[in-house]
Structure formats: C-alpha cells, structure tokens
Amino acid sequence: MQSIVSQQADAQQSARETDSNLTPNVRVASANSPQTTEKLNDYYFGDHMSVTEVQVKLFGYLASYLNKQISAQDDAAAAGEAPNTTTELSRHLASMDQGKRESLGAALGGFDNTGDSARGLALKISLNFDLDELSRDKKIENYLEQMIGFDLKGMTVADLVKSFLDPEGSENQKVRDVIPEALAGQHGSKASQRLEDATKGPRTVEETKRDIADKKVYDEVDAETKAEDEADIDTAKAFETLNEVSTNIESADETEQQEAAPKPAAEQSAAAANTDETPADTSEPNESESKTASGQENRLHPGYAEHMAGNASGDSLHPGFAPLYL
C-alpha cells in the first residue's frame, strides 16, 4: 500500500513536469526513512493491531534482525575482513557454512509477514539456531521492543519462534497472554473496552445491545469478549428489573402517605356543612311523640268512649252528653 506522503510527492513531481510555475500547497519531504514513513502511515491510517498482527510483526522483526546479522558477516567476508565474533550469535554465524548462511539469509529476507510463511520460517530458524542462545541475547530483545513499541516482559525469543511451530502449544498461549497486556492502552484492546464499559455506568438492555453492535473495526473480539457482552446484557436486565420494583414500591408508599395525611381545612368545612343538612323525615314517630299523643287521649272525658260505643250500636245517648257533630 502506497503511503499518502509518497502519493502526494509523486503527484507534485508530475505537476512540476507539466507546469514549472506550479507551487506546491503543502511542504513534502523528498525522502523519508522507512521508520518515518511507517509513523506517518500510522498517523493517517491508525496503528490499531490485534494480538495476531503483533505476533506476526514481532516475528518479522526477528527475521529482519537475523538477516542483518547474516548480511554483516557476508559483507565482512567479501571485504576480506575478520568476522565479528563479539556475541554468541555472531560467533555462530561466523562458524556457519557460507552457502548455508546465504540460503538462510534469503529465507529470512523473503518473509512476507503472514502466518503461513511464519510457520515455515520458524522451522528453519529452529533448525539453524540455538533458541535458548537467541533468548539470552539482550540486543535482540531490545531491538524487538524498540520496533514494536512496548516491553516484552514474560516471553522470550524462543517462545516467539515456538508459538508458530505449535499454535496449540503452551508457548503460543504465553505469547498471546503477554501481548494483550502490552496493548492494554491501545484503543480496541480488551482492557480499553472494559474501561469504556465501566465509565458508561448502568445501562438499559437496549442501550447495552446497541453498544455491543457498535463494534469498531479494531476492537478485539474473541470468546472472552463475547462472554463479557452476554454478561453485560444480563446485568442490564437485572438493573431494569430492580428499577421497576423500586418504582412500584415508591408509588405504593406515596399513595399510603397521601391517604394517611390530614385533610385540608377547606375539605373539613365542606364535610361539616354536608353533615348539618337535615334530610326529609320519613322515619316513624319517636317515643316522645307517642307519649304526646297518648297524653291527649287521656285528657278526653271519661264517658266519651262509652258514648261513642253506644252511639255506634244505636243506643240512646248517655245522660249528660249532647250529640257531637264533626
């Protein structure tokens, strides 16, 4: 992939050939070192890497370093100079047959930074080098850390080579455990995703599912992150249920308080006024009324009842009573 900087430089060079008066609108360096170009591309395209990409890159840097050491030995031999024997690696290369060394250098230089190519090259390295010797070489470790940009604590060069020889082995698992720790500060790493989830706080189920679906292209996704996403959904469901129960309890408490609270003075006055209104009297006479009627009957003449009975039977009037017409 051609970088933006190189594309811009080519375009301006082509424009100069057709129009010598054309002035570039952006200052472009005519030549950049490979490291500078890589940094510029990272700035424009992003430097997000997955664990596998870092693993393959590290192996590529190792192959590049070993190839440089072979080239240094070949250059010294071609110039008739004494080979460099200051390190275990340089002494090993100096003792190696020149034809074998050249074949190994061609294989190292032809590495294309792919996993399939790495497995074959890892086998060639393991057959031609002492892996423990390479692991003890601090210059190799420092070179790899400088190129990848972080410390490689917890793994060795031997682990890196063996991780491609046996993808199911313990060395591969060790390497894949170390790299995520180193990438923890990178956007899209597991640590970064967990921190982002923590800062969002409690979410609804809908919000959680939307966040899970909104994955970035550089987010690390594996069985562990998927399990964490499912756990986030379960947590959101529990949070919604808790909120619903809490809301119902608060509503019931509020209703109970309203019923127990004293009524305002205006409502009490209205209730008293309704109580004072006397409805129509449809009840039977009370005891006092019965006594009044009975008293009136007792005030009649003692012979009145007998007179009325005789009159009804046709008898003559009781002496002393005159006819009564009503």
Side-chain angles (χ1 to χ4, degrees), residues 1-5 7 37-61 113-116 118 144-155 159-160 163-164 167-254:
M1 179 176 61
Q2 191 177 19
S3 69
I4 290 178
V5 174
Q7 288 178 349
T37 301
E38 182 178 2
K39 292 297 182 182
L40 289 170
N41 285 333
D42 286 343
Y43 176 80
Y44 286 107
F45 299 113
D47 56 355
H48 305 289
M49 295 183 290
S50 67
V51 173
T52 301
E53 288 172 335
V54 173
Q55 192 173 1
V56 173
K57 262 196 169 186
L58 278 171
F59 188 78
Y61 292 142
N113 289 300
T114 63
D116 293 337
L144 295 179
E145 290 179 344
Q146 179 183 4
M147 294 304 295
I148 201 63
F150 51 76
D151 294 337
L152 300 175
K153 304 300 182 183
M155 60 172 284
D159 293 331
L160 179 62
S163 69
F164 289 97
E168 302 298 327
S170 59
E171 290 83 2
N172 183 50
Q173 187 60 48
K174 183 190 294 186
V175 172
R176 297 185 70 84
D177 287 342
V178 170
I179 292 176
E181 294 296 327
L183 295 177
Q186 174 184 261
H187 290 298
S189 66
K190 291 183 181 179
S192 177
Q193 292 182 59
R194 290 165 184 160
L195 179 61
E196 185 176 355
D197 285 343
T199 57
K200 289 180 179 178
R203 292 168 290 173
T204 64
V205 175
E206 182 180 354
E207 291 172 340
T208 304
K209 289 182 177 180
R210 185 167 57 248
D211 290 341
I212 293 173
D214 188 25
K215 290 287 187 184
K216 306 296 186 297
V217 294
Y218 48 77
D219 282 344
E220 187 176 353
V221 178
D222 58 14
E224 185 178 12
T225 60
K226 291 179 180 178
E228 291 176 355
D229 289 341
E230 291 297 328
D232 287 343
I233 293 177
D234 291 339
T235 301
K237 290 180 179 178
F239 176 70
E240 285 190 349
T241 302
L242 181 62
N243 276 347
E244 183 177 352
V245 172
S246 177
T247 301
N248 292 338
I249 292 175
E250 291 178 358
S251 178
D253 290 343
E254 184 178 351

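Numbers for residues simply follow the sequence, beginning at 1.
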How far apart are the closest heavy atoms of I179 and L58, and which atoms are they? CD1-CD1, 4.4 Å
Under the side chain to side chain contact (heavy atoms under 4.5 Å, CB included) criterion, do I212 and I233 qualify, and how do the steps go? CA-CA 9 Å; I212 293 173; I233 293 177; 3.8 Å; yes
What's the spacing between F59 CZ and L144 CG if we round to 0.5 Å? 11.0 Å
For residues K153 and V178, report the shortest heavy-atom separation together with the two atoms involved. O-CG1, 3.2 Å
What's the spacing between N248 CG and N243 CG if we round to 0.5 Å? 11.0 Å
Looking at CD of E206 and CG of D211, how far apart are the two atoms once the value is rounded to the nearest 0.5 Å? 10.5 Å
Does S251 reach the main-chain N or O of T247 with its side chain, forming a donor-acceptor pair under 3.5 Å? no
Give a yes or no on whether the backbone of L152 and the side-chain of E145 come within a donor-acceptor separation of less than 3.5 Å. yes
Smallest separation among heavy atoms of F239 and R203, with atom names: CD2-O, 3.8 Å
Among Q173, Q55, K174, which residue satisfies the side chain to side chain donor-acceptor pair (under 3.5 Å) criterion with S163? Q55
Non-hydrogen atoms of T208 and A236 that approach each other most closely: OG1-CB, 3.5 Å
Identify the two heavy atoms, one from N172 and one from P167, that lie closest to each other, and give their separation to 0.1 Å. ND2-O, 2.6 Å
